[in-house]
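The structure appears right after this line, and notes come after that.
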Amino acid sequence: MSAVLVVNSGSSSFKYQLIELEGEKTLASGLVERIGEETGATKHRNALTGDETSNDSEPIADHAAGFAAMLKAFEQHGPSFDEHPLLAVGHRVVHGGSEFDRATIVDDAVEEAIERLSALAPLHNPANLEGIRAAKEAFPDVAQVAVFDTAFHQTLTPAAYTYAIDDELAKKHQVRRYGFHGTSHKYVSQAAADFLDTPLAELKMIVLHIGNGASATAIEGGRSIETSMGLTPLEGLVMGTRSGDVDPAVVFHLHREAGLSFDEIETMLNKRSGLLGLTGNGDMRDVQDAASRGDQVAEAALAVYRHRMRHYVGAYAAQLGGLDAIVFTAGVGENNALLRRRTLLGLEFLGVTIDDDRNELASREARYISKEGAPVSVLVVPTDEELEIARQAAELV
Ligand SMILES: Nc1ncnc2c1ncn2[C@@H]1O[C@H](COP(=O)(O)OP(=O)(O)O)[C@@H](O)[C@H]1O
Ligand SMILES: CC(=O)OP(=O)(O)O
Ligand SMILES: [Mg+2]
């Protein structure tokens with residue numbers, strides 16, 4: 001039976017899944033981490049046999065080497081591509097600019113566009129491209145499909161995506177808001193509508209994708225009308241290592257007063273800010289644990305984190321002109337009940353409530369966390385970017 005191999009490349013890692021189309025079953029999944037470091041780390045799980053393997057000893061120079069390590073894991077531990085022939089390889093591509101409003105088969109022109117857009121996503125697009133090139137070489141007869149994080153947000157109106165700067169300059173250099181995590185926002189909004197048993201077309205909702213990277217999106221009738229990430233995935237919410245919103249003048253001030261170069265400031269804002277910058281630790285689990293033990297620095301950082309989320313909830317309720325649902329998803333959104341409760345505390349005037357028993361229930365299923373009969377349905381809905389990529393890739397080929 002045919003399957004789709006999904007490759008989700010990050011800047012220094014990638015996740016993959018082999019998904020059988022019939023029944024949408026995961027046949028294998030894995031992770032290649034610490035690419036470019038002294039020793040890499042790989043994990044592979046054959047879901048058919050339950051066989052799990054890992055290798056933490058060999059260096060993985062680049063994404064091409066990571067791809068080779070993945071192929072070796074399939075060869076040694078299965079399942080075999082002979083028994084599950086590939087219909088397509090689906091690639092998560094972070095930046096699709098204004099060119100792509102849907103998934104696309106990768107030909108030379110698309111490859112060139114992804115390369116050109118690397119200037120707008122230097123941490124992500126080059127890695128995505130390496131994954132595509134490695135997959136083309138390994139599976140020359142299989143369609144390569146690019147699924148863009150930005151595509152779902154191409155419905156933003158000019159009012160929502162325009163930065164109020166010199167228009168000519170902005171157009172010339174494609175400076176506008178694009179938005180990211182679109183594959184997740186799309187999947188989760190549809191899953192939430194299914195859960196509520198209400199057509200997506202009738203719903204006004206806010207999806208909070210809170211992982212290591214985090215973004216909020218206002219979705220009206222299934223269309224993204226506003227989203228917190230902008231030209232790059234740096235804008236918006238406070239994240240694991242990214243600052244989210246800052247006054248752009250912070251950059252010039254630090255350049256002049258602290259003598260930092262623009263590259264240094266860019267790295268600081270992307271990789272040494274957010275929870276990491278505020279507490280020395282970018283992992284929400286650790287920060288939450290520290291706060292629960294009474295660590296004041298961690299508690300103060302979480303206050304900033306929640307304050308920003310609440311800011312977007314209020315703003316998006318206004319942009320939507322009403323609210324039917326708020327949906328939490330991704331690593332933090334799905335798992336951190338205390339954060340969910342404290343973020344939404346005091347929003348009863350919007351119809352937003354939290355039922356503590358429902359909120360604290362540990363479950364991997366879509367569920368309500370608002371009070372029974374409340375005007376706004378507050379939900380937790382697990383995201384599945386890989387499945388959404390497999391669906392879009394399969395639909396296309
Ligand atoms: N049980 C949990 N409680 C709190 N935070 C969690 C839990 N599980 C995962 N996380 C947090 O989720 C984040 C990672 O989310 P994820 O969606 O996997 O991110 P990404 O895809 O951007 O790497 C980390 O900050 C991690 O600490
Ligand atoms: C676009 C983006 O921020 O992705 P991630 O959350 O995977 O870093
Ligand atoms: Mg993610």
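Read the numbers this way: they start at 1 and go in the same order the structure lists the ligands and their atoms. In this chain, residues are counted from 1 in sequence order.
- Considering His124, Arg92, His181 only, the shortest heavy-atom separation from atom 7 (O) of ligand 2 involves Arg92.
- Of all the atoms in ligand 2, the ones that sit under 4.0 Å from a non-hydrogen atom of Met229 are 3 (O).
- Using a non-hydrogen distance threshold of 4.0 Å, Gly213 registers as a contact of ligand 1.
- Looking at ligand 1, you won't find any N or O of His209 less than 3.5 Å from one of its N or O atoms.
- Taking each of Asp283, Thr383, Leu339 in turn, the one with a heavy atom nearest to atom 26 (C) of ligand 1 proves to be Asp283.
- Here is the list of ligand 2 atoms found below 4.0 Å of a heavy atom in Phe180: 1 (C).
- The Asp149 neighbourhood of ligand 2 comprises atoms 1 (C), with distances under 4.0 Å to a heavy atom of that residue.
- Neither the backbone nor the side chain of Glu385 has any atom closer than 4.0 Å to an atom of ligand 1 (non-hydrogen atoms only).
- Ion pair Arg133/Glu111 flagged as a salt bridge, since at least one NZ, NE, NH1 or NH2 atom sits closer than 4.0 Å to an Asp/Glu carboxylate oxygen.
- In this structure, His209 does not count as a contact residue of ligand 2, since none of its heavy atoms falls inside 4.0 Å of the ligand.
- Taking any N or O of Arg242, backbone or side chain, at least one lies under 3.5 Å from an N or O belonging to ligand 2.
- By the 30° and 60° cut-offs, the orientation of the rings of Phe148 relative to Phe100 is parallel.
- Between Asn336 and ligand 1, no N or O atom pair is found at a separation short of 3.5 Å.
- Using a 4.0 Å cut-off between charged nitrogen and carboxylate oxygen, Lys371 and Glu348 do not count as a salt-bridge pair.
- Under a 4.0 Å criterion applied to the non-hydrogen atoms of Lys15, ligand 1 contributes the atoms 21 (O).
- Aromatic rings of His209 and Phe328 (six-membered ring for Trp) have centroids beyond the 6.0 Å cut-off, not under it.
- Residue Ile210 has no N or O atom closer than 3.5 Å to an N or O atom of ligand 1.
- The distance criterion of under 3.5 Å between nitrogen or oxygen atoms is met by Gly331 with respect to ligand 1.
- The existence of a salt bridge linking Glu52 and Lys43 is excluded, since no basic side-chain nitrogen approaches an acidic carboxylate oxygen closer than 4.0 Å.
- With ligand atoms numbered from 1 in the order given, ligand 2 contributes 1 (C), 3 (O) to contacts under 4.0 Å with heavy atoms of Pro233.
- Across every non-hydrogen atom of Arg177 and Ser228, the tightest pair is NH2-O, 3.3 Å.
- Ion pairing between a basic and an acidic side chain is recognised when a charged N comes within 4.0 Å of a carboxylate O; Glu299 and Arg342 show such pairing.
- With a heavy-atom cut-off of 4.0 Å, Asn212 does not touch ligand 2 at all.
- Within 6.0 Å of atom CZ in Arg310, more than 12 heavy atoms from other residues, nucleotides or ligands are found, so the atom counts as buried in its surroundings.
- In this view, Arg256 satisfies the side chain to side chain donor-acceptor pair (under 3.5 Å) rule with no residue, not counting sequence neighbours.
- Side chains of Thr217 and Thr227: a donor on one and an acceptor on the other come within 3.5 Å.
- Atom 8 (N) of ligand 1 has its nearest heavy-atom neighbour, among Asp286, Thr329, Asn335, in Asn335.
- For Asp108, the CG atom counts as loosely surrounded, since its 6.0 Å shell holds 12 or fewer non-hydrogen atoms of other residues, nucleotides or ligands.
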